[in-house]
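Taking it in order: structure first as structure tokens, then the write-up.
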Protein chains: 2
Amino acid sequence: MTAPAQRSTRQRDVISRVLDTAEGPLAVAEVLGRAQGDLPGLGIATVYRTLKLLTDQGRIHPVTLDGETLYEASGRGHHHHFSCTACGKVFTLHTCPVALPRGTVYPGGFIVEAHEVTLYGRCPGCAAQMA
Amino acid sequence: MTAPAQRSTRQRDVISRVLDTAEGPLAVAEVLGRAQGDLPGLGIATVYRTLKLLTDQGRIHPVTLDGETLYEASGRGHHHHFSCTACGKVFTLHTCPVALPRGTVYPGGFIVEAHEVTLYGRCPGCAAQMA
DNA sequence: TTATATGCAAACATTTTGCAACGCC
DNA sequence: GGCGTTGCAAAATGTTTGCATATAA
């Protein structure tokens, strides 16, 4: 009773690479668009199936931002996100503004296992345009 | 040319009260269910329309958590959320773990206008059950 | 060869919209 | 009475699934 065989296909390779080389989390439509650059005939169903597969494998994970589900590659270490209120792009931040290690007991008796922080504001590019 | 008149209806009153008296953010289905306790015939479209109306008025605002959109009353001051990984309930936290006032320039040149923090872990009740 | 993966289209789930009936003001 | 609001059903979105064909191994 072994796990079902996993095949390496061009579709999966391309979708994986799109996420691995992305500068931040991507929306499903964005993944489809970028992957179609290499595979014009790629279907949206394959993207959804592959995203689920990669998520189950722990190679990527979903990030929900303003109601939209984005996907990003795992294994990039602890980080957070910055959502630009001007251009809408989402950036990855490598500095963490909170000190809440696993096991911290938060006021009220909440035992913290993990945390997520999202910052909103102007990204460097949009801030420069305003000036 | 004044703004269109807003009418006070039983539906809007009930939906507003459901959110005002909620202990935390509620999912749309949860709002519908609670409101139907008072208004059995209430339609889901009215709930969506009213949620959008109240949001536009700034009286409530959406909170996205794990891909689900929840709504909570505004004007409760700055706070964050704790999502229990055991029972799934979402709690409101009144202590803020970050010091990022508006205008803070975050490493990388990001100008912070707002921030959101979500903590994950065991709520007091679930933590007690484990012990 | 053969079981898994893909693409298409149909099925679902969720949210929005059109419209006639209804009810505040 | 008039116009905003409601409930229903249809439409628009976003995501999943069935199935015949294509393909990795």
Side-chain angles (χ1 to χ4, degrees), chain A residues 1-20 25-72 83 88 90, chain B residues 1-19 25-72 88 90:
Chain A
M1 149 141 218
T2 53
Q6 288 292 338
R7 289 184 185 173
S8 164
T9 66
R10 187 141 172 59
Q11 287 83 343
R12 291 181 182 174
D13 292 346
V14 170
I15 292 170
S16 283
R17 193 172 44 62
V18 162
L19 287 161
D20 284 339
L26 301 180
V28 176
E30 188 68 29
V31 173
L32 176 66
R34 295 191 186 193
Q36 284 183 331
D38 285 339
L39 280 170
L42 180 64
I44 186 68
T46 297
V47 173
Y48 277 109
R49 281 188 283 233
T50 302
L51 290 175
K52 172 171 288 188
L53 180 75
L54 295 174
T55 299
D56 290 345
Q57 293 177 342
R59 301 194 34 209
I60 66 173
H61 58 96
V63 177
T64 316
L65 232 123
D66 298 316
E68 237 205 335
T69 301
L70 312 176
Y71 289 86
E72 70 180 355
S83 175
V90 177
Chain B
M1 143 137 225
T2 54
Q6 288 291 334
R7 290 184 186 171
S8 164
T9 65
R10 186 140 172 60
Q11 287 84 343
R12 292 183 182 173
D13 292 346
V14 170
I15 292 169
S16 282
R17 196 173 40 64
V18 162
L19 286 161
L26 302 180
V28 175
E30 188 67 28
V31 173
L32 176 66
R34 295 190 186 193
Q36 283 182 331
D38 285 338
L39 281 171
L42 180 64
I44 185 70
T46 297
V47 173
Y48 277 109
R49 281 188 281 231
T50 302
L51 290 175
K52 172 170 289 188
L53 180 75
L54 295 174
T55 300
D56 290 345
Q57 294 177 341
R59 300 195 35 209
I60 65 173
H61 59 95
V63 178
T64 316
L65 232 124
D66 297 315
E68 237 205 334
T69 302
L70 311 177
Y71 289 85
E72 68 181 356
V90 177

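Per chain, numbering begins at 1; letters A, B, ... match sequence-line order. If you're wondering where the values come from, they're calculated on a predicted model, not measured in any experiment.
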In whole angstroms, how far is the P atom of C/dA13 from the CG atom of B/L32? 17 Å
Is A/L65 close to A/P25 at the side-chain level, that is, under 4.5 Å between some pair of heavy atoms? no
Whole-Å gap separating P (C/dA5) and CG (A/L42): 15 Å
Taking the side chain as C-beta and beyond, is there a heavy-atom pair between B/V18 and B/D38 under 4.5 Å? no
Separation of D/dG7 atom P from B/Q36 atom CD, nearest Å, is 9 Å
Without decimals, in angstroms, what is the distance between A/D38 CG and C/dT6 P? 15 Å
Closest-nucleotide 5' rank along DNA chain C - winner of B/T69 and A/T50: A/T50
Whole-Å distance between D/dT5 C1' and B/I44 CD1? 16 Å
Of the non-hydrogen atoms in A/V28 and A/Y48, which two are nearest, and what is the gap between them? CG1-CZ, 3.7 Å
A/R12 side chain N/O closer than 4.0 Å to the phosphate oxygens (OP1, OP2) of C/dT4? no
Can you tell me how far C1' of C/dC22 sits from CG of B/L39, to the nearest Å? 14 Å
Whole-Å distance between D/dT16 P and A/L53 CG? 13 Å
Whole-Å distance separating the CG atom of A/L54 from the C1' atom of C/dA5: 14 Å
For side-chain contact (heavy atoms from CB on, under 4.5 Å), just list the numbers for A/Q57 and A/L54, CA-CA rounded to whole Å, side-chain angles, deciding distance to a tenth of an Å, and then say yes or no. CA-CA 5 Å; A/Q57 293 177 342; A/L54 295 174; 3.7 Å; yes
Do nucleotides 17-25 of chain D as a string where each nucleotide becomes B, S or -: B if the base has a protein heavy atom under 4.0 Å, S if just the sugar-phosphate does, - if no protein is that close. BB----BBS
Hey, what do you get for CZ (B/R49) to CD1 (B/I15), rounding to the nearest 0.5 Å? 10.5 Å
Would you give the length of the straight line joining atom OG1 of A/T50 to atom CG of A/L32, rounded to the nearest 0.5 angstrom? 11.0 Å
